[in-house]
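I have placed the structure first, in the form of structure tokens, so that the comments after it can refer back to it.
Throughout, a chain's letter reflects where its sequence line sits, starting with A, and its residues are numbered from 1. Basis for what follows: all heavy atoms, side chains included, without hydrogens, waters or symmetry-related copies.
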Number of protein chains: 2
Amino acid sequence: MVEIDGFDRKILAQLQEDASRTNQQVGERIGLSASQVSRRRQRLEEAGVVRRYRADIDPAAVGLAVVAFVGVALNAHSRQNARRFRDLVRSLPEVQEAHVLTGDMDYMLKVVVADLAGLSVFINDELLPHDAVRNVRSSIAMETLKDDNRLPFAI
Amino acid sequence: MVEIDGFDRKILAQLQEDASRTNQQVGERIGLSASQVSRRRQRLEEAGVVRRYRADIDPAAVGLAVVAFVGVALNAHSRQNARRFRDLVRSLPEVQEAHVLTGDMDYMLKVVVADLAGLSVFINDELLPHDAVRNVRSSIAMETLKDDNRLPFAI
DNA sequence: AGTGAAAAACAATGGCG
DNA sequence: CGCCATTGTTTTTCACT
């Protein structure tokens, strides 16, 4: 793992907040020259600390109205089943996030679809037919209070 | 809501994937000139379709090793309590996402902290003392299979 | 709605203290 | 690490279709 000092953390905090800031703007806010910000950014990008830059798009604007959390229990805890299930969820575009959880449900998926019909299709046609899947329990997000995905790292 | 045509969707798809692509590069991939990509981007940004640009940072690189999903039930379903709880979760930096859910738990939080001790502090010192909170049930992500937060919009 | 070229802004490097 | 200068890119605007 790469060394990260206070300046690096400040740069990361700035870019997490708004990646369209120029090196000059970032530098002004943290007391560093633009050229140094440029060099540090390159280093952080090459080291994989910055994984990528992305545009955060309003889901409603592209016709996606339903966010759901889907808990999935697998049939048997065989290595084979688990691997096939992982390949499945990674390949499904509706799945924004997939985590292996402690507790009664094996997996937790965050799913985004256009509407409730889309959620039904996703569960019944994509998830349940997979024979590693034993059962599925979904909760729909009626409202999203916060969705910024900022990491709370100390600066 | 703003009109979004096929070109706009293609631009959004490109920038969601990698926001560091230049207008020229985006244009080449979708068959449009850089100047048109620039104009459409500005329109999409001003309309709020692109909400922001952000750097996606590796949590482990900044010392954040624990992701947990925390279900929260409130004491009473008073409007007052709900509002105060919303203000709380919005203000807590450890909370990446907060959703109002259907089902038995009122709220679902996605929380990122440094370690299990940090999760304990978060739950016991930040969440439970709030008198709107009745009970809390947390599941820790032992492994994250997918975490790209890409929207699956048709292009 | 689109292209292409010019102007302005920016990123990335290298050299020096 | 700051500062400065240079070079190549990129964005943005403008004239034109």
Other residues, nucleotides, ligands: >12 heavy atoms within 6.0 Å of R137(B) CZ: no
Neighbour count above 12 (heavy atom, 6.0 Å) for I155(A) CD1: no
Any donor-acceptor pair under 3.5 Å linking the side-chain atoms of [Y] with those of [X]?
X: E45(A); Y: Y53(A); result: yes
X: R21(B); Y: Q14(B); result: yes
X: E46(A); Y: Q42(A); result: no

Nearest-neighbour nucleotide for the T22(A) side chain, dA12(C), dT10(D), dA11(C) considered: dA11(C)
Out of dT3(C), dT10(D), dC1(D), whichever nucleotide has its closest atom nearest the side chain of R39(B): dT3(C)
Nearest-Å distance, [atom1] ([X]) to [atom2] ([N])?
X: R40(B); N: dT11(D); atom1: CZ; atom2: C1'; answer: 17 Å
X: Q42(B); N: dC14(D); atom1: CD; atom2: P; answer: 11 Å
X: R43(A); N: dA11(C); atom1: CZ; atom2: C1'; answer: 18 Å
X: E46(A); N: dA12(C); atom1: CD; atom2: P; answer: 10 Å

Angle by which the axis turns from one end of the helix from dA1(C)-dT17(D) to dG17(C)-dC1(D) to the other, five pairs per end, to 10 degrees: 20°
Test side chain to side chain donor-acceptor pair (under 3.5 Å) applied to N23(B) and Q36(B), R39(B), R41(B), the passing residue: R41(B)
Side chains of residues 56-67 of chain A: which donor-acceptor partners sit under 3.5 Å, not counting sequence neighbours?
from, atom 1, to, atom 2, distance (Å)
D56(A), OD1, R51(B), NE, 3.3
D56(A), OD1, R51(B), NH2, 3.3
D56(A), OD2, R54(B), NH2, 3.2
D58(A), OD1, A60(A), N, 3.2

Near-ring test Y107(B)/H99(B), centroid separation under 6.0 angstrom: no
DNA chain D-proximal residues of residues 23-37 of chain A, any heavy atom under 4.0 Å: G31(A), L32(A), S33(A), S35(A), Q36(A)
